[in-house]
Each structure stands twice: as C-alpha cells, then as structure tokens.
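Excluded from the calculations below are hydrogen atoms, water molecules and symmetry mates; all remaining heavy atoms, backbone and side chain alike, are included. As the structure is a prediction and not an experimental result, all values here were calculated from the model.
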Protein chains: 2
Amino acid sequence: MLRRVIVAVSVLGMALIIVRAGAADELLDRARTVFRPLPLQAATAADNPSTPEKIALGRVLYFEPRLSASGLISCQTCHNVGLGGVDGQATSVGHAWQRGPRNAPTVFNAALNAVQFWDGRAPDLGEQAKGPMQASVEMASEPARVVGVLESMPAYVEMFRAAFPGVANAVTFDNVAHAIEAFEATLLTPNSPFDRYLRGDAAALTAEHADGLRLFMDRGCSACHGGVNVGGTSYFRFGVAKVPSATVRPPDDKGRAAVTRASADDYVFRVPTLRNVAVTRPYFHSGAVWTLDESVRIMSEVQLGVPLTDRDATHITAFLGTLTGDAPRVEHPILPVSTAATPKPVLGTPGK
Amino acid sequence: MLRRVIVAVSVLGMALIIVRAGAADELLDRARTVFRPLPLQAATAADNPSTPEKIALGRVLYFEPRLSASGLISCQTCHNVGLGGVDGQATSVGHAWQRGPRNAPTVFNAALNAVQFWDGRAPDLGEQAKGPMQASVEMASEPARVVGVLESMPAYVEMFRAAFPGVANAVTFDNVAHAIEAFEATLLTPNSPFDRYLRGDAAALTAEHADGLRLFMDRGCSACHGGVNVGGTSYFRFGVAKVPSATVRPPDDKGRAAVTRASADDYVFRVPTLRNVAVTRPYFHSGAVWTLDESVRIMSEVQLGVPLTDRDATHITAFLGTLTGDAPRVEHPILPVSTAATPKPVLGTPGK
C-alpha cells in the first residue's frame with residue numbers, strides 16, 4: 001500500500017513537473033515569436049560605415065559641451081550614460097534653463113529603433129543628433145558655429161581626418177552627426193534577464209516574471225512593444241481606447257501630426273522601446289508619470305481599454321524589470337583644448 | 001695650420017657645450033629648490049583615510065546630478081574631467097542658469113592646495129565639496145535633501161556601508177564630502193614636461209621653455225607660484241604693484257576679506273595652482289581674460305610692477321605650457337536607480 005502511494009505521488013509529481021515544463025517551454029516558444037534578444041553589436045548604418053576612429057570621435061563629441069552655444073550642454077546632458085541614457089526630468093532642460101516639450105528618450109539601444117524622436121521625424125541617429133544641437137531650447141547652436149568650434153582645435157581636425165579619410169573637408173556638420181551616430185550605435189545593453197531567458201536560460205525569469213510576460217502577450221502589450229527593442233518600430237495613437245488625462249497627454253502636443261500635417265496622426269507617437277524602462281523614469285512623452293506601475297495601468301486602460309488588477313499590474317511591472325541590461329561602460333573622454341580661435345560661450349537670457 | 005684651426009674650433013665647441021651644460025645644470029638645480037615634481041598619488045587626508053571603496057563611491061557621487069535640487073548639476077558640471085577640471089566659463093553657471101560670482105578652479109591636483117576656494121574658506125576638499133551642493137547659485141540643495149536622495153536608493157546605502165564600515169549610519173552629509181574628497185585626491189596630472197625635467201630629463205624642455213622658466217624665477221613669479229602645485233599654498237593681494245582693471249578685478253569681490261572681515265585682506269586671494277593652466281581658460285577669479293599670454297602680462301604688471309617684453313611674455317607662456325600633465329582617465333559611473341522614494345527634481349525659476 002505504502003509503495004503504491006509512493007508510486008502514485010511520484011507519478012503525480014512527475015506529471016506536475018512535465019506540465020510546468022511544458023507550459024514554460026510553450027511560453028518561451030511563444031515569446032521567441034514576438035521578441036528577439038539584443039545583439040551584442042548594433043548593425044552599422046548603410047550610409048555610415050562604422051570604424052574605430054569614427055566611434056572614438058563620436059564619443060568625444062557626445063560629451064562635448066562646446067557644441068552648445070553656452071558651452072554647458074552636450075548630448076550627455078539629456079542622455080546621461082550613467083542614468084539609463086536619460087536625464088530623469090519630466091521634460092528636458094536646455095539652453096538658458098528652458099524646458100523642452102518632451103521627455104528625453106533613452107539613447108541606449110536607440111540604434112535599434114526604426115525612427116528617432118517621439119514623433120519619428122528623424123530616420124536615424126545621425127539626423128536625430130542634428131536636432132538638439134540647433135534647437136533653441138536645447139543646445140541653441142547652429143551648424144556654422146559647431147563647425148567653427150571644432151575647426152578651432154587642431155586635435156579635432158586630426159580626429160575628423162582619421163574618422164573621415166580621403167575627403168578634402170572632413171569637419172562638416174554632417175560628419176559631426178555621423179560620428180555621434182557611430183558612437184551611439186555602440187550603446188547597447190545586452191544580457192538582461194529577459195535576453196538570457198530568450199537565449200534559453202529558463203531560470204533567468206522568476207514565476208512572477210514569467211506570468212508578467214504571459215500577461216504582456218495575452219493582453220496585447222506586445223502587439224506594439226515587440227521585436228528586438230520591445231517597441232521602437234511602429235506608430236500608434238496614444239489613447240486608442242480612451243483619451244488619457246490632459247497631464248499625461250497634453251492637448252497641445254499632437255505628436256506625429258505636427259510632422260505629417262495629417263489629422264489622422266493626431267496624438268500619434270512612435271512606440272517607445274521598453275528596454276531598461278525600469279531605470280528611465282519618468283514616463284510617457286510628457287514625463288508626467290513617475291512610477292512604472294502607474295504607467296502600466298494607464299497604458300492598459302487607454303490603449304487596450306482594460307483596467308488591470310493589482311496582481312496583473314505588479315506582474316507585468318516585474319516582467320518589465322527584466323528588460324534592464326548591462327549598461328555600457330564609457331570612459332569619459334579628454335576633450336581637445338580650446339584655442340584663441342574657439343568661440344566663447346554665449347549664455348543668453350535665463351528662461352529665454 | 002688647418003689642424004690648429006680644427007683643434008681651436010673643437011676646443012671652442014667643447015667649451016660652449018660645457019658652458020651650456022653648466023647653465024642648464026644650474027637652471028635645473030635652481031628649479032629644484034623652488035618646485036617639486038607632482039607625486040603619482042596624493043597623500044591621504046589624516047582625518048579621511050582613503051580606501052578603494054571610498055574612492056569608488058566618491059566617483060559615483062562626483063557625477064551624480066541628483067545631489068542638486070534640479071537633478072541636472074553635479075561636481076562634474078563645473079569641474080569637467082574632460083576639460084582640464086574646469087567648465088570653460090568666465091564664472092560658473094548653476095541652478096536655474098544663475099551665474100556664480102567666480103571662475104571655477106580646476107579640480108585637478110586640487111588635493112595639493114593648502115586651502116580650497118579662491119578665498120581659502122575651506123581647509124580641504126571635503127569641506128569644499130559641501131559648499132556648492134548647498135549654494136543657491138550652484139546645486140541649490142541642502143544636507144537633508146542630499147541624504148534623503150541617497151538613502152532612497154539601496155545601491156547607494158550599500159556603497160556607503162562599504163566605504164564607511166562599522167558605523168551605524170553611514171549615509172551622512174559629512175560622508176558624502178569625505179567620499180568626494182577621496183575621489184578628487186586621485187585626480188592628479190603627472191608626467192608634465194616640467195615634471196620630467198625636474199626628474200632629470202633635460203630634453204623635456206626646449207630652449208624657449210628653459211628661458212621661460214628662468215624668467216619665471218628671475219622676475220619673481222615663482223615666489224607665489226612655487227612648490228609642488230606651482231601655487232596653491234599662499235595668499236596674496238591681487239594688485240600688489242598696481243590695481244588691475246575693474247573687469248579683471250571687480251570692485252565688489254573683495255576676496256578673503258569677506259571671510260576674515262579684515263580690511264587688510266581686501267582683494268586677497270589664494271594663489272591658484274598654475275598646473276594645466278594652458279588648458280583651463282579663462283583666467284583669474286573673474287574669468288575675464290581669455291588668453292594665457294595676456295594673463296601673464298597682466299600678472300607681471302599688477303603684481304610685480306614690470307611690463308613684460310613680447311619676447312619674455314611669449315617665453316613665460318611657453319614655459320607654463322609645460323605644466324600640462326596627463327589628465328586622469330575616468331570611467332563614467334553607472335549611477336544607482338531612482339526609486340519611488342527618490343525626491344523629484346525641483347527646477348526653480350530661471351535666473352533666480
């Protein structure tokens with residue numbers, strides 16, 4: 001009798017393990033149809049082949065505050081490599097302490113987005129880089145000043161020649177953008193728990209994470225937030241099922257409609273990547289929401305029309321935490337030395 | 001006859017070499033009584049023993065913008081390790097785009113200064129670090145906020161425990177300052193041409209540099225700018241021989257007199273280090289002068305009462321260029337992640 005009981009219990013235990021393993025395999029199989037692990041190296045843009053010299057120059061330019069009129073603001077200011085590639089502000093603060101209109105998207109893995117900016121107005125990181133340098137509320141410079149600053153320093157001229165060999169005039173605004181793009185393409189965050197899971201390490205996710213992943217797919221989150229960057233590849237209206245609050249979706253910012261001039265694009269935005277989302281608060285293009293849990297609840301309600309239970313919100317939020325990868329290690333560059341020909345900082349009037 | 005001429009010429013040549021070598025040795029001997037080469041490692045402050053854990057924490061804090069009210073300004077903002085340890089501004093720009101009253105002194109080799117700040121009001125780098133965090137025109141925070149920010153992030157609490165073991169409460173404002181001091185003490189710039197010269201490498205200085213060094217000592221510059229940091233150890237009135245222009249020495253900034261309340265200290269300042277001076281424009285506490293050559297001429301006139309010839313100014317300026325050492329290589333830290341308890345940025349009103 002005892003033996004029979006033991007056998008029965010063993011069989012039951014085996015069956016449970018098999019069922020659990022089967023469900024786990026099924027979840028992984030399904031996840032693999034929706035997501036892909038992050039590569040260790042971003043693909044080079046076809047029009048901007050990457051070289052060590054170009055990446056090296058791009059790193060220096062990324063940290064170069066003299067690209068701004070004030071000499072105080074660099075790419076790094078709003079896309080801080082120590083802070084998940086963002087600035088932790090609701091919306092960014094730029095020249096003369098002006099607030100920009102939108103939350104700074106992370107530079108990490110940005111090379112894997114199909115388009116750049118919240119409204120997709122730049123096709124790639126090179127075009128993106130040109131925007132903030134010229135925007136009056138960001139770096140407030142202009143191409144001629146940027147080129148003038150760089151040409152005033154022999155060390156920069158040398159670096160541009162090495163990065164763009166065989167051209168008569170290597171120091172151009174386009175090449176500034178190309179070099180920054182090449183550097184930014186190196187800012188990937190591999191080896192997140194979710195990537196390890198996708199590669200076959202079942203132990204990389206806890207039961208709660210796995211349930212969050214299942215919910216994330218079942219509820220339809222992954223319809224927009226899929227692929228290698230868990231987003232970043234499509235446009236969607238923010239407020240498909242329900243109009244978000246005016247704080248979360250300010251009425252004046254109509255998103256992509258300002259680019260296309262089509263009312264069909266009112267409040268349409270590029271879907272953001274969710275990689276490293278747990279470390280890049282605050283959330284949304286408005287930066288109006290400071291916790292990931294609340295953001296998840298808002299998204300379910302306004303995009304999918306379904307309020308989440310506390311349990312489901314917690315599990316999805318826990319799953320999103322598994323998208324945090326290894327932040328890139330970046331040595332702060334030693335910047336070239338200003339010369340008598342280097343333009344002096346222009347601070348402007350505070351707030352203007 | 002030919003043989004006699006050759007012998008004579010040879011003897012004359014030998015004699016010239018000996019005279020030159022003798023003069024060179026004399027210059028080096030004299031320089032060694034006035035200056036000392038930079039050590040490779042700064043001495044640890046007696047009250048703040050250095051440990052790898054403390055330095056590691058200090059590096060993170062140095063780059064931590066959340067120590068400021070706005071979340072935008074860190075030590076690195078005004079003392080940029082990529083820009084010679086300064087910000088390239090006439091006077092620094094801080095919270096809400098306010099201009100501070102004085103030019104940011106370099107953080108490089110600052111551990112070797114006898115006192116800190118232009119007016120010497122802090123005895124060491126730890127006390128110095130507390131100033132900008134609280135100054136309303138700089139980081140505009142306060143000790144309770146700083147501690148609150150750090151305590152809100154478990155990774156910081158862990159780092160403080162490792163850096164300050166055996167105390168019940170490691171996260172204190174004093175310990176923030178101690179850790180920053182320990183990191184900053186590592187920011188030395190060894191191996192400048194002048195250091196190599198002092199160590200016996202005669203070829204490290206050109207004839208022009210050597211003449212500049214001789215002039216620097218002959219004219220009396222080295223009376224204040226001597227020692228290991230080529231300055232940084234004494235107080236002097238700015239304008240001993242002649243009152244500088246109101247642009248270069250603004251009448252409202254009376255320097256050390258504001259600390260001591262003694263009119264004898266009117267316009268008295270701590271002598272700045274001249275190490276890396278060629279890469280830390282603009283110059284003086286006012287930041288009013290943008291070239292080193294002009295600064296050298298002004299100093300000779302207002303401190304020593306002697307206008308320099310073009311040739312002498314050029315040679316002294318060339319010598320000062322030999323004080324540029326190897327800038328420290330600093331990896332940008334990955335900062336701890338904000339939590340729901342981390343205070344949000346407070347931007348204030350631009351210009352106020």
Ranking Thr77(B), Val60(B), Val93(B), Thr349(B) by heavy-atom pairs under 4.5 Å to chain A gives rank one to Val93(B)
Applying a strict 4.5 Å limit to non-hydrogen atoms, the region of Thr280(A) in contact with chain B is neither
* Asked: Is Asp312(B) paired with Arg297(B) through a side-chain N to carboxylate O contact shorter than 4.0 Å?
  -> no
Note: vs chain B, highest number of non-hydrogen pairs under 4.5 angstrom among Ala327(A), Pro345(A), Ala340(A), Gly348(A) is Pro345(A)
If one checks every heavy atom of Thr342(B) against chain A at 4.5 Å, the contacting part turns out to be both
- Query: Without hydrogens or angle criteria, can the side chains of His332(A) and Gln76(B) be said to hold a donor-acceptor pair below 3.5 Å?
  - Reply: yes
So, the part of Ala90(B) with a heavy atom under 4.5 Å from chain A: the answer is neither
- prompt: For residues Arg275(A) and Thr189(A), is any side-chain donor paired with an opposing acceptor at under 3.5 Å?
  reply: no
Review point. Are there more than 12 heavy atoms of other residues, nucleotides or ligands under 6.0 Å from atom CD of Glu331(A)?
Key: yes
Honestly, the part of Leu292(B) sitting under 4.5 Å from a heavy atom of chain A is neither
If one checks every heavy atom of Thr324(A) against chain B at 4.5 Å, the contacting part turns out to be neither
Checked Pro328(A), Gly84(A), Ser338(A) vs chain B; the most non-hydrogen pairs under 4.5 Å come from Ser338(A)
| query | If we only count heavy atoms from C-beta on, is the Leu335(B) to Tyr156(B) side-chain gap below 4.5 Å? | reply | yes
When every non-hydrogen atom of Glu138(A) is compared with those of Pro132(A), the smallest separation belongs to OE1-CB, 3.2 Å
Any sub-3.5 Å donor-acceptor pair from Thr91(A)'s side-chain atoms to Pro101(A)'s backbone N or O?
-> no
Comparing Ala96(B), Gly88(B), Pro282(B), Pro336(B) against chain A, the one with the most heavy-atom pairs below 4.5 Å turns out to be Ala96(B)
With chain A, the option among Lys344(B), Arg66(B), Gln98(B), His95(B) that has the most non-hydrogen atom pairs under 4.5 Å is Lys344(B)
Checklist line | Check: Tyr283(A) and Asn103(A) side chains under 4.5 Å, non-hydrogen atoms | finding: no
For the residue pair Thr273(B) and Asn109(B), confirm or rule out a side-chain donor-acceptor distance under 3.5 Å.
-> no
Okay, Asp293(A) and chain B: the region with an atom under 4.5 Å from a heavy atom over there is neither
Residue from Asp87(A), Leu83(A), Thr291(A) scoring the most non-hydrogen pairs under 4.5 Å with chain B is Leu83(A)
The interface call for Pro65(B) against chain A, heavy-atom contacts under 4.5 Å, is side chain
